[in-house]
2 protein chains.
Amino acid sequence: MPTIARELAGLAALIADPGRALILSRLMDGRPQTAGELALVAGVTPQTASWHLGRLVQHALLKVERRGPRRLYRLATPLVAQILEGMMTVAVTGPHATRPPARIDAAMRRARTCYDHLAGELGVALADALREREYLVLDQEVGELTEGGTAFLGSFGIDLDPSARHRRVLCRPCLDWSERRPHLAGRAGAALAELAFQRDWIRRRPQGRSVEITDTGLDAFRTLFGVCI
Amino acid sequence: MPTIARELAGLAALIADPGRALILSRLMDGRPQTAGELALVAGVTPQTASWHLGRLVQHALLKVERRGPRRLYRLATPLVAQILEGMMTVAVTGPHATRPPARIDAAMRRARTCYDHLAGELGVALADALREREYLVLDQEVGELTEGGTAFLGSFGIDLDPSARHRRVLCRPCLDWSERRPHLAGRAGAALAELAFQRDWIRRRPQGRSVEITDTGLDAFRTLFGVCI
DNA sequence: TGAACGTTTCGATCATGATCGAAACGTTAC
DNA sequence: GTAACGTTTCGATCATGATCGAAACGTTCA
């Protein structure tokens with residue numbers, strides 16, 4: 001009767017399989033992946049991965065696009081990414097009394113993409129620095145870019161149209177599951193991440209969501225943002 | 001190796017069982033429940049429910065408190081409630097192409113509590129009405145109460161300290177899974193719900209999260225908020 | 001048209017964990 | 001202390017769904 005609970009359980013069951021969780025986690029960086037690659041990530045055979053991917057698409061967690069003889073899978077919507085990120089936060093903050101602080105891959109913890117913006121130590125440190133300079137107001141639930149912050153980002157060539165026309169919000173906090181504190185998301189966060197990639201401050205690692213901070217990046221984050229990491 | 005995916009899968013597995021999902025959904029209204037009542041809700045024997053409850057507590061989704069010979073269970077944190085609500089949204093909006101619009105209990109759809117504020121048709125209609133009168137700015141991701149809105153709520157005796165001292169945010173949107181549009185959450189949303197209960201505009205039903213709108217309530221919502229439902 | 005490749009479908013096997021009966025536990029009331 | 005009640009623990013049973021081998025499918029390229 002309470003069908004919403006059934007729906008909830010169904011969605012959770014979809015994420016509950018380790019292989020599918022691995023696939024979803026991998027797709028959290030926003031880039032589409034082929035079925036074969038995702039099979040490797042999940043550590044299962046292609047046919048098993050195909051079965052998982054089919055279920056994820058059927059339940060609208062994933063979108064699939066045919067590119068030649070292969071198929072590219074990606075998260076269906078930003079909402080899906082947001083919820084998965086939230087679940088990770090609960091999953092990590094939850095049993096802290098039970099288990100030791102859930103050792104996470106060091107690389108992921110240090111710096112990673114969270115759909116389209118930056119997370120991990122780097123993401124949180126950048127948000128803190130922007131807050132320190134009063135470029136940004138950010139707590140667990142709401143965020144706002146100040147005039148100074150808009151100008152600061154503008155000095156890097158980031159032009160954020162502040163009008164409310166956009167479907168996506170300009171600036172919002174995203175609770176970082178590894179740091180347990182908010183980092184910067186929304187269009188501002190995405191623009192900042194894009195800037196960092198373009199200027200080669202950070203590089204995507206061949207696999208996984210973690211990113212590598214280059215020497216140039218270390219220097220830039222220190223001198224331009226006052227972030228020492 | 002990617003332990004975060006394991007954590008994610010573990011959390012999801014916890015929610016994936018229909019019985020546990022029923023229990024969690026029931027506890028989403030914020031009121032603690034005894035183990036026996038939750039066994040009834042889940043449709044299992046007390047010993048099975050006890051097993052489920054133990055797992056949920058162990059993984060920090062639930063808190064338990066001994067009240068005499070019985071034990072009261074409640075959601076561990078507001079964050080847990082928020083994530084569950086988000087998951088419901090994804091669960092319902094997800095497979096809309098596959099299945100028919102996932103028929104939800106009519107009562108739940110009409111009016112219910114969402115942890116400590118109002119949701120369903122009623123919740124969304126109230127948010128719309130407040131927006132219409134420019135008491136409130138609310139989109140999918142951010143929300144703000146205007147001066148007029150603060151005054152309006154004040155006229156009902158709701159005094160919301162706007163200082164940033166509080167752990168909880170004053171005003172935020174919460175995506176309504178049944179209406180697929182945001183309703184009002186945060187302290188403002190909680191205060192509004194409390195007002196409605198105190199003035200007998202709405203009453204909790206003996207079981208479930210849905211609430212009944214009284215005749216007084218229908219009248220009050222129409223004359224005071226301009227909401228016809 | 002035929003061959004190569006990535007991907008999916010089918011079928012059978014196997015493991016994880018949900019379930020309940022029986023009994024023990026802990027608290028309260030008398 | 002003893003009885004009554006709500007709750008938990010233990011043990012055995014059972015069902016769901018994850019897995020892979022084999023084979024078919026569909027697309028691209030020669």
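This one's a predicted model, so the numbers in the text were calculated from it and none came from an experiment. Proteins get letters first, then strands, A, B, ... in listed order; numbering begins at 1 in each. Because only heavy atoms are used, hydrogens play no part in the values below, and waters and symmetry mates are left out as well, while side chains stay in.
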>> Please report the distance, rounded to the nearest Å, between CG in B:L38 and P in D:dT7.
In response: 9 Å

>> Expressed as a whole number of angstroms, how long is the span from A:L56:CG to D:dA18:P?
In response: 10 Å

> Does any N or O in the side chain of A:T214 come within less than 3.5 Å of the main-chain N or O of A:W201, such that one atom is a donor and the other an acceptor?
Replying inline: yes

> If you check the A:D17 side chain, which of D:dT8, D:dA18, C:dT19 turns out closest?
Replying inline: D:dA18

> For B:L14 and C:dG17, what is the distance between atoms CG and C1' respectively, to the nearest whole Å?
Replying inline: 12 Å

>> Looking at A:I15, is its backbone amide N or carbonyl O close enough to the side chain of A:R20 to form a donor-acceptor pair, meaning the two atoms are under 3.5 Å apart?
In response: no

>> Counting only side-chain heavy atoms from C-beta out, which of D:dA22, D:dT8, D:dG26 sits nearest to A:Q47?
In response: D:dA22

> Counting side-chain heavy atoms from CB outward, which of D:dT7, D:dA18, C:dT7 is closest to A:R71?
Replying inline: C:dT7

>> Measuring from the side chain of A:R70 (C-beta onward, heavy atoms only), which nucleotide among D:dT19, C:dC20, C:dT7 has the closest atom?
In response: C:dT7

> Which nucleotide sits closest to the side chain of B:R66: D:dT19, C:dG26, D:dT7?
Replying inline: C:dG26

> Roughly, in whole Å, what's the span from CG in A:L53 to C1' in D:dA18?
Replying inline: 14 Å

>> Could you check whether B:S210 and B:R205, counting side-chain N and O atoms only, form a donor-acceptor pair closer than 3.5 Å?
In response: yes

>> Nearest to the side chain of A:H52, heavy atoms from C-beta on, is which of D:dT19, C:dT7, C:dG17?
In response: D:dT19

>> Restricting to non-hydrogen atoms, name the atom on A:T89 and the atom on A:D176 that form the minimum distance, rounded to 0.1 Å.
In response: OG1-C, 4.5 Å

> Expressed in angstrom and rounded to an integer, what is the separation of A:L22 atom CG from D:dA18 atom C1'?
Replying inline: 15 Å

>> Tell me which nucleotide, if any, is Watson-Crick or G-U wobble paired with C:dA22 when both distances must be under 3.5 Å.
In response: D:dT9

> How are the rings of B:H117 and B:H183 set relative to one another: parallel (under 30°), tilted (30 to 60°) or perpendicular (over 60°)?
Replying inline: tilted

> Relative to the 5' end of DNA chain D, which residue comes earlier, B:P46 or A:W51, by the nucleotide with the nearest heavy atom?
Replying inline: B:P46

>> I need the CG-C1' distance between B:L72 and D:dT7, as an integer number of Å.
In response: 13 Å

>> Just N and O in the side chain of A:T48: are any of them under 4.0 Å from OP1 or OP2 of D:dA18?
In response: no

> What's the CD1-P distance between A:I23 and C:dT7, to the nearest Å?
Replying inline: 12 Å

> Of the nucleotides D:dC20, C:dT8, C:dA18, which has the atom closest to the A:T45 side chain?
Replying inline: D:dC20

> Does any N or O in the side chain of B:R112 come within less than 3.5 Å of the main-chain N or O of B:G123, such that one atom is a donor and the other an acceptor?
Replying inline: no

> In the strands shown, is D:dT16 matched to any nucleotide by a Watson-Crick or G-U wobble pair with both distances under 3.5 Å, and which?
Replying inline: C:dA15

>> If I take atom CZ in residue B:R55 and atom P in nucleotide D:dT8, what distance separates them, rounded to the nearest angstrom?
In response: 15 Å

>> Side chain of A:A35, heavy atoms from C-beta onward: which of C:dT7, D:dT7, C:dA18 has the nearest atom to it?
In response: C:dT7

> Counting only side-chain N and O atoms of B:Y73, is one of them less than 4.0 Å from OP1 or OP2 of D:dT8?
Replying inline: yes

